[in-house]
Chemist: 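Okay, handing you the structure first.
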Amino acid sequence: MEMTIRPRRLRNGARLRKMVRETRMDPSSLIYPMFVKEGDVAAEEIPTMPGQYRYSLDGMERQLDALLAAGVNSVMLFGIPDHKDEMGSGAWDENGIIQKALRRIKKEYRDELYVITDVCMCEYTSHGHCGMLCGHEVDNDRTLDLLSKTALSHIQAGADMVAPSDMMDGRVRAIRETLDENGFQTAPIMSYAVKYASAFYGPFRDAAGSAPSFGDRKGYQMDYHNSREGIKEALLDVEEGADIIMVKPAMSYLDIVTKVRDVVNVPVAAYSVSGEYAMVKAGAAMGYIDEDKIICETAVAAYRAGCDMYLTYYAPEIAKFMKEGRIG
Ligand code: PBG
């Protein structure tokens with residue numbers, strides 16, 4: 001008698017399905033990206049990211065309390081300065097918005113929270129590019145000094161980890177050297193190593209007012225036709241001293257997450273960016289999709305693809321679903 005192979009046997013009942021799950025994760029791997037700004041208005045909603053806000057320092061504290069209550073212990077901070085200039089000098093200003101936020105967090109939360117900072121110039125430059133300009137081009141090598149100064153000022157103000165997102169060549173090495181020379185040998189670097197030039201960053205640029213005033217970022221961020229180039233970027237950054245490699249965006253780039261995971265021997269992070277959040281929010285608001293189910297499915301897909309850490313604006317919701325045992 002021919003025996004039927006029955007994969008369905010292991011799908012019989014919730015208890016068994018959960019027992020044989022291949023992808024396991026927990027809230028400690030979630031990182032919540034958060035915008036901090038100058039001024040007194042506690043929280044300004046970002047129009048293209050409903051449910052996400054630009055926080056003042058007071059507003060930030062309230063949100064951090066809510067995150068901790070939800071079981072999210074790690075954040076990625078982005079600064080929105082009051083003033084921008086050609087060089088982006090607000091990025092390394094001792095009294096810049098990020099530096100103030102970091103000192104406040106370290107004072108109020110000590111070791112309760114793990115704080116990572118985005119290191120880039122685009123939120124601070126008047127032209128919105130990720131580095132210093134020479135004509136209409138970003139001057140790679142001169143930008144390295146500014147990025148290193150910025151990363152150092154973040155660590156000095158209390159950041160636990162820095163995450164350069166500018167895509168300049170050689171910046172991981174430059175930042176590593178600067179941190180080491182200043183006695184911060186133990187501060188880790190999470191490199192946005194594999195970062196594509198993506199329309200999925202649109203809502204973020206509204207939030208941060210960081211859209212380039214001319215041209216685009218294709219001269220430094222990657223062409224989305226390429227995946228071997230992503231491997232090259234990842235391996236280079238590991239060689240330069242990156243402790244964690246990030247792939248960004250997430251949802252449309254999970255093939256890259258898997259490939260990077262296979263070649264590097266450091267943890268891999270995936271960043272589900274603003275446009276991914278905005279699409280889910282918009283679809284849910286229209287009643288076209290079930291928001292909670294889509295959040296679960298997209299998050300698990302990122303982990304299944306091979307990421308160890310997941311950056312997402314849905315971190316508190318995902319932490320809740322993990323704790324309920326719905327996923328994870
Ligand atoms: C800064 C930076 C960007 C994002 C993270 N860091 C914007 C960009 O590169 O234009 C995007 C994050 C998101 O869309 O959620 N360079």
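Each ligand, and each atom within it, is numbered from 1 in the order the structure gives. Any value given below was found using the heavy atoms of this structure, including those in side chains, with hydrogens, waters and symmetry copies removed.
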Chemist: Between the side chain of Gln99 and the main-chain N/O of Ala91, is any donor-acceptor distance below 3.5 Å?
Modeler: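 At least one qualifying donor-acceptor pair exists.
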Chemist: Is Lys248 close enough and on-axis enough to Tyr192, meaning under 6.0 Å and within 45°, for cation-pi?
Modeler: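 So Lys248 doesn't make the cation-pi contact.
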Chemist: Does NZ or CZ of Lys195 come closer than 6.0 Å to the centre of the six-membered ring of Tyr201, within 45° of the ring's axis?
Modeler: yes
Chemist: Decide if atom CZ of Arg24 counts as having more than 12 heavy atoms of other residues, nucleotides or ligands within a radius under 6.0 Å.
Modeler: yes
Chemist: Go through it in stages, so that I can follow the logic: the residues are Tyr53 and Phe35, the test is ring-ring contact (aromatic ring centres under 6.0 Å, His included), and I'd like the CA-CA distance, side-chain angles, deciding distance and then a yes or no.
Modeler: CA-CA 7 Å; Tyr53 299 81; Phe35 302 95; over 10 Å; no
Chemist: With the criterion set at N/O pairs under 3.5 Å, what does the list of contacts between the protein and ligand 1 look like, atom names and distances included?
Modeler:
residue, atom, partner, partner atom, Å
ligand 1, 6 (N), Asp118, OD1, 3.2
ligand 1, 6 (N), Lys248, NZ, 3.4
ligand 1, 9 (O), Lys195, NZ, 2.7
ligand 1, 9 (O), Gln221, NE2, 2.9
ligand 1, 10 (O), Arg205, NE, 2.6
ligand 1, 10 (O), Arg205, NH2, 2.8
ligand 1, 10 (O), Arg217, NE, 3.0
ligand 1, 10 (O), Arg217, NH2, 3.4
ligand 1, 14 (O), Ser274, N, 3.2
ligand 1, 14 (O), Ser274, OG, 2.7
ligand 1, 15 (O), Ser274, N, 2.7
ligand 1, 15 (O), Tyr313, OH, 2.6
ligand 1, 16 (N), Ser165, OG, 3.4
ligand 1, 16 (N), Lys195, NZ, 3.1

Chemist: Measure the acute angle between the ring planes of Phe214 and His136, then classify it against the limits of 30° and 60° as parallel, tilted or perpendicular.
Modeler: parallel
